[in-house]
Structure formats: structure tokens, C-alpha cells
Amino acid sequence: MTKILNVTRDGDGQFQITDQRGKVVEGPFDTNAAAWSALDRIDHDTMPARPRSNKKVLWGKPEKPASRNGKKASRRQAAKVQQRMNANAAKAPGWVRSVAASKFDPAGERKFRDYKLGTFGAASEVKRIDPAVYLAEKARGK
């Protein structure tokens with residue numbers, strides 16, 4: 001006959017392992033997790049693990065064995081990737097480059113925006129003219 005064990009809570013709020021008749025087998029434990037781990041230790045019946053498949057993995061690249069000049073090769077690979085990224089970035093349309101520039105250089109984008117906004121209108125910093133200087137230059141005949 002198989003023995004049925006269960007984790008129950010006693011009157012003090014602690015946990016204990018009891019059998020099917022309610023007799024305490026082990027305990028008390030402070031936490032439910034401690035009681036269940038003790039029950040697993042008593043039980044000794046662990047679930048059998050699923051056997052691993054011998055099938056080949058059909059996705060991803062296989063790992064290459066480490067070579068003697070691995071650092072040099074990885075550096076060369078990184079340089080190739082960087083050069084390819086630079087070439088692709090140069091081919092990007094203007095609006096993509098401007099968005100990328102604003103994301104990576106917000107101060108530069110701010111400077112460009114302020115420059116653009118300052119090129120028109122009477123309220124602009126660039127266009128503000130002192131009337132006395134203007135009249136003096138006009139009188140000089142400029």
C-alpha cells in the first residue's frame with residue numbers, strides 16, 4: 001500500500017507533514033516551502049527526466065573550435081561589421097540620417113534647430129537690430 005503524505009497547517013500557523021490518518025510524520029516547519037521540500041526528501045520518488053533528443057539542431061550557426069589567432073579574427077570581423085554599418089548609414093536617405101543624428105546627438109540637433117529658427121522674423125536673435133546703429137550706418141551711406 002502506498003503511503004499518502006500531505007502538508008497541513010497546525011494551530012500555531014506552522015506547517016507539518018501528515019499521513020492519510022492525520023498523524024504527524026514530520027514537522028513543524030516555518031514555511032510551506034520548507035515543508036514541501038522535506039516531503040520531497042521523504043518521498044525519494046523523483047520524476048524521471050525526459051531523455052534528450054539526438055536530433056541535430058537545425059537553427060543557428062554551429063560553434064567553431066577556438067583557433068590560435070581568435071582575437072585577431074574577431075577584431076577583423078568587428079572591423080568588417082563596422083565598415084558595413086558605416087557604408088549602409090551613408091546610403092540612408094537624408095531624413096533617416098537627420099532622425100538618427102537627432103537621436104545620437106541631441107545637442108547638435110538643438111543647435112541646428114536654434115540656428116534654423118533664428119534665421120527669420122523680427123523677434124529672432126539674429127535679426128534684432130538696434131535702431132541707433134541702423135540709422136548711423138544709413139547716414140554713413142552703407
Side-chain angles (χ1 to χ4, degrees), residues 1-20 23-142:
M1 184 170 125
T2 59
K3 203 172 178 186
I4 298 175
L5 299 176
N6 201 5
V7 175
T8 58
R9 194 173 211 159
D10 65 0
D12 298 334
Q14 293 187 324
F15 297 92
Q16 56 195 13
I17 301 173
T18 57
D19 61 3
Q20 58 202 21
K23 183 179 174 193
V24 176
V25 176
E26 196 170 330
F29 299 99
D30 293 331
T31 62
N32 191 16
W36 279 103
S37 63
L39 180 65
D40 288 339
R41 277 195 307 271
I42 292 170
D43 193 21
H44 292 301
D45 290 335
T46 58
M47 291 182 63
R50 286 183 18 197
R52 295 190 93 179
S53 173
N54 288 335
K55 289 183 183 177
K56 278 185 158 183
V57 176
L58 299 177
W59 45 267
K61 293 183 179 177
E63 288 187 23
K64 294 180 182 175
S67 61
R68 280 183 20 183
N69 48 357
K71 285 184 183 178
K72 193 174 187 181
S74 67
R75 231 181 285 130
R76 195 178 311 123
Q77 179 78 12
K80 280 184 180 180
V81 168
Q82 184 63 38
Q83 185 177 3
R84 187 77 246 146
M85 284 174 57
N86 289 345
N88 288 340
K91 292 178 194 171
W95 66 270
V96 172
R97 286 197 305 267
S98 66
V99 168
S102 68
K103 285 209 183 290
F104 295 119
D105 185 21
E109 171 66 19
R110 241 190 330 271
K111 180 179 164 193
F112 175 71
R113 184 184 61 224
D114 292 347
Y115 169 75
K116 251 177 37 178
L117 288 175
T119 58
F120 62 91
S124 171
E125 289 283 87
V126 177
K127 296 293 183 180
R128 189 168 294 153
I129 298 170
D130 186 25
V133 172
Y134 173 74
L135 292 173
E137 285 179 358
K138 191 171 181 183
R140 251 187 301 166
K142 187 178 178 185

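Just so you know, these numbers come straight off a predicted model, no measurement behind them.
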Can you see which heavy atom on [X] is nearest to which on [Y], and at what distance?
{"X": "W36", "Y": "N6", "answer": "CH2-OD1, 4.1 Å"}
{"X": "A38", "Y": "F29", "answer": "CB-CZ, 3.4 Å"}
{"X": "P28", "Y": "D10", "answer": "CB-OD2, 4.2 Å"}
{"X": "T18", "Y": "T8", "answer": "CG2-OG1, 3.4 Å"}

Supply the atom-to-atom distance [X] [atom1] to [Y] [atom2], rounded to the nearest 0.5 angstrom.
{"X": "I17", "Y": "I42", "atom1": "CD1", "atom2": "CD1", "answer": "4.0 Å"}
{"X": "Q16", "Y": "L39", "atom1": "CD", "atom2": "CG", "answer": "12.5 Å"}
{"X": "I4", "Y": "D19", "atom1": "CD1", "atom2": "CG", "answer": "9.5 Å"}

### Query
Can you name the side chain to side chain donor-acceptor pair (under 3.5 Å) partners of N86, sequence neighbours left out?
Q82
### Query
Among all residues two or more places apart in sequence or in another chain, which pass the side chain to side chain donor-acceptor pair (under 3.5 Å) test with Q14?
D30
